[in-house]
Structures are given as structure tokens and as C-alpha cells.
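Report on one structure; see the data block that follows.
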Amino acid sequence: MRKINIKTIILLVMLLKRMVHTKCRGSTYPFSDIVRFKISDEQVPWNVCVPDYDPPEYNSKVLLNKPWADPPIGDCSFKPKWNELDGNINRKSHSGAYTVLNGRPLNPEGRTGIKGRGVLGKWGPNHAADPIVTRWKMEHNRKVINSTTNLPVLQFCAIQRKDCKQWALPGGMVDPGEKVSETLQREFLEEALNNMEASKDQSEIDTKMIKDFFKEGSEIYKGYVDDPRNTDNAWMETVAYNFHDENGHHVGKFDLKAGDDAQNVKWMDIDKHIDLYASHSNFIKTVVDKLKAHW
């Protein structure tokens, strides 16, 4: 059996860090004028000594006294159970046990150039769910075939975020005590079908159709998300599921309508040039490979 050189292993680890820990190291933290402490790819891992690492701390004022947000670290009433199910709040990480240093959880993927919680509601992992709803692009009742790859073109339900204008999956945060399957359905209804403004009869029809459609799905990813809102002490994690409408007779025939959190929504053609929010492009590529579609 061929032995792997230790240097090769280190390079592979560094490469992996670069892949999953890039968008959260932009120059300025989102929704603020706070500039992140600049670090190189090699300085991201916590086990790499960076003596002068002294990033700014940022905790958005929008989190103060919000029922869905944790209190500040140091608040005498705040006694979180790290790496555990803390009441109905899930403080476990999909990546495994994370380190807690001086009462603060440390980002399992390493340094981000900023301390604190940023705009994230929870210290440590903030759990989300992302439904990847797909259908085949059709013309004259036939799948559209790309002339270069000779593979069928896949479309997915994409929303345009209001905060950063980037296209993304219609996902959202898992409410305390909520099952991920419930989050997936709720977020698709609210963000892609604007179920909140639909008539009562239409809302009931959509809800039933969505429940039937979302009974089966394929898990695409579960873990850390390279989100621009991540900090050294708070980060996004998600569970992404693919729900595919093979014949377009279910959600594939819906007229999409953007909800409150989305500026726009559409069925977007998938190819290698799409640039989506956070790690969403990686999730889409996994679905493309799974369904043997054009990329």
C-alpha cells in the first residue's frame, strides 16, 4: 500500500480549509463597517500559531433583547450547555465537538478575522435548513439537452436575497424545537411561494401539495457553511435536501412568488457559471452529479 507523505496530508488539509472557509473572510463584515483582521489561508487553523492575531469584536445591536437571540457572553443569566441539546436549542455541531475557550465556542473551521457573534443569533452553531427543489427544463414537453455536454438541463428554485442581492436557496433558520423536515417545508412555502399572502383556500392547497412532495428527499449535505456572517465564535451550519420533481407535475408547475425575505424568485438554469450565496453552489453541484445533469 502506497504511503502518503505527511507534507501531502498538510497540503490537503490546507486546501480543504480554503474551500470551506473563504467567503467568511471578506474584508468587511456584512451590514457593518467593521474590517476583519487579515489572515492568510495558512493561518486559518487554530493549531497554527499566529502571535499577533487580535481581531476586532462585533456584536450587532439588532440582537439585543431579541427572544430568538442569545444574551451576551458574561451575562449572569446565560449558562449555555455547549455541545449539547440545551433545552430546545441545539448547541451541537454537525462537525462534532467544538472547543470552548474562555467561555466562548471556537469556530471549528478556524479563524475568520473577527470575534463575537456578528449578526448571528446564537453563540456557536446556528442551524439552518436548505431545500434544493429541482425540475428539468422543458420545451415542447421534452427535456432541454445542452449541445456541449449532451446532458439535460436542470433548474432549481432560486431566491434573490434582499440583504446582499445574491441568488440563493430558499432556506432559513431551524426554530427551537422544530424538526428539520418542518423547516424545509416552511421556508419553501414562505420564501418561494409567498404562502403568507396567499388566499386561505390556495394556502391550504399549497400546504397539502408541499407536504406530499416533501415526504421524500435526498440528503445532500450536513455540516458547516462558509457564510459571510460567520465569526470566530458563531457560525452557520445547515442540512441540505434535494426534492426533485421528475415530471414537473408537482411543485415544478407552481408559479413562484417571492416572500418577505426574498427580493425575487425564479426557476434558474443550472450550469458551472452560477455564483450563489455562501456554499450553495457546492450543494447544487452535488445534485447535478446525482441526477446526471448538465453542468
Side-chain angles (χ1 to χ4, degrees), residues 19-20 22-23 128-162 164-172 180-181 183-195 205-206 209-223 225-227 238-259 261-295:
M19 292 173 60
V20 303
T22 302
K23 293 188 177 183
D130 289 304
I132 309 170
V133 180
T134 55
R135 71 178 189 182
W136 297 112
K137 185 175 184 178
M138 306 288 286
E139 285 184 3
H140 309 298
N141 295 320
R142 292 186 177 183
K143 294 178 183 177
V144 173
I145 305 299
N146 180 270
S147 59
T148 301
T149 62
N150 203 33
L151 292 172
V153 177
L154 195 65
Q155 296 180 318
F156 79 104
C157 173
I159 63 147
Q160 187 178 30
R161 295 173 62 101
K162 285 184 176 180
C164 63
K165 313 304 180 187
Q166 277 193 290
W167 287 93
L169 298 171
V180 169
S181 58
T183 308
L184 291 165
Q185 294 178 41
R186 172 173 56 78
E187 289 297 332
F188 184 77
L189 280 168
E190 292 179 359
E191 293 196 28
L193 297 180
N194 198 14
N195 188 60
I205 292 172
D206 287 350
M209 294 180 73
I210 290 294
K211 283 185 177 179
D212 290 342
F213 181 71
F214 275 74
K215 284 180 180 177
E216 294 185 10
S218 301
E219 183 179 300
I220 299 300
Y221 179 79
K222 178 190 289 184
V225 179
D226 185 17
D227 192 290
T238 196
V239 177
Y241 269 80
N242 175 223
F243 299 90
H244 180 61
D245 188 351
E246 177 64 26
N247 54 27
H249 294 168
H250 302 285
V251 299
K253 68 179 182 180
F254 286 170
D255 292 328
L256 303 178
K257 185 177 181 182
D261 293 336
Q263 178 171 311
N264 201 355
V265 61
K266 68 178 181 179
W267 290 104
M268 179 179 286
D269 292 358
I270 296 174
D271 64 30
K272 62 183 178 182
H273 300 295
I274 59 174
D275 180 23
L276 304 178
Y277 181 80
S279 302
H280 293 184
S281 295
N282 296 336
F283 304 159
I284 293 294
K285 180 59 167 64
T286 301
V287 173
V288 165
D289 293 340
K290 171 178 169 289
L291 297 177
K292 296 180 174 57
H294 163 69
W295 180 247

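What you are looking at is a predicted structure, and each value in this text was computed from that prediction instead of being measured.
For Phe243, the ring pair (Phe, Tyr, Trp, His ring centres under 6.0 Å) partners are Phe214, not counting sequence neighbours. Applying the side chain to side chain contact (heavy atoms under 4.5 Å, CB included) criterion to Lys215, with sequence neighbours excluded, gives Asp212. Among residues two or more places apart in sequence or in another chain, the ring pair (Phe, Tyr, Trp, His ring centres under 6.0 Å) test is passed with His244 by Trp136.
Note on residues 240-254: pairs passing salt bridge (charged side-chain N to carboxylate O under 4.0 Å, His left out), not counting sequence neighbours, are Lys143-Glu246. Contacts classified as salt bridge (charged side-chain N to carboxylate O under 4.0 Å, His left out) and involving residues 285-295 (residues at least two apart or in different chains) are given here: Lys285-Asp289.
No side-chain N or O of Asn242 forms a donor-acceptor pair with one of Ser218 less than 3.5 Å apart. Side-chain atoms of Lys211 and Gln185 include no donor-acceptor pair closer than 3.5 Å.
Closest approach of Phe188 to Pro131, counting heavy atoms only: CB-CG, 4.4 Å. Minimum interatomic distance between Asp130 and Gly171 (heavy atoms only, all atoms of both residues): OD1-CA, 3.3 Å. When all heavy atoms of Glu187 and Pro170 are compared, the pair lying nearest together is CB-O, 3.3 Å. When every heavy atom of Ala129 is checked against every heavy atom of Thr183, the shortest pair comes out as CB-CG2, 3.8 Å. Of all heavy-atom pairs between Gly217 and Tyr241, the closest is C-CD2, 3.8 Å. Nearest heavy-atom pair across Lys222 and Val239 is CG-CG2, 3.8 Å.
Counting only distance, with no hydrogens or angles, the side chain of Gln263 and the backbone of Gln160 share no donor-acceptor pair below 3.5 Å.
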Residues Thr238, Tyr221; criterion side-chain contact (heavy atoms from CB on, under 4.5 Å); working and verdict: CA-CA 8 Å; Thr238 196; Tyr221 179 79; 4.1 Å; yes

Residue pair Val153, Ile145: steps toward the side-chain contact (heavy atoms from CB on, under 4.5 Å) verdict: CA-CA 6 Å; Val153 177; Ile145 305 299; over 6 Å; no

List the atom pairs, donor and acceptor, that lie under 3.5 Å between side-chain atoms in residues 265-277 and the rest of the protein, sequence neighbours left out.
from: Asp269; atom 1: OD1; to: Gln155; atom 2: NE2; distance (Å): 2.8
from: Asp269; atom 1: OD2; to: Lys137; atom 2: NZ; distance (Å): 2.6
from: Asp271; atom 1: OD1; to: His273; atom 2: N; distance (Å): 2.8
from: Tyr277; atom 1: OH; to: Asp227; atom 2: OD1; distance (Å): 3.1
from: Tyr277; atom 1: OH; to: Asp227; atom 2: OD2; distance (Å): 3.2
from: Tyr277; atom 1: OH; to: Arg229; atom 2: NE; distance (Å): 3.3

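Remark: Trp295 CH2 to Leu151 CG distance equals 13.0 Å, nearest 0.5 Å. Rounded to the nearest 0.5 Å, atoms CZ (Phe213) and NE2 (His249) are 13.0 Å apart. The CG atom of Asp226 sits 5.5 Å away from atom OG1 of Thr22, with the distance rounded to the nearest 0.5 Å. The NE2 atom of His280 lies 8.5 Å from the NZ atom of Lys23; values are rounded to the nearest 0.5 Å. Residue His294 holds its NE2 atom at 4.0 Å from CG of Asn146, rounded to the nearest 0.5 Å.
Counting heavy atoms from C-beta on, the side chains of Ile132 and Ile284 come closer than 4.5 Å. Here the side chains of Leu169 and Ile159 are not in contact, with every heavy-atom distance at 4.5 Å or above.
Around the CD atom of Glu219, the shell of radius 6.0 Å holds more than 12 heavy atoms that belong to other residues, nucleotides or ligands.
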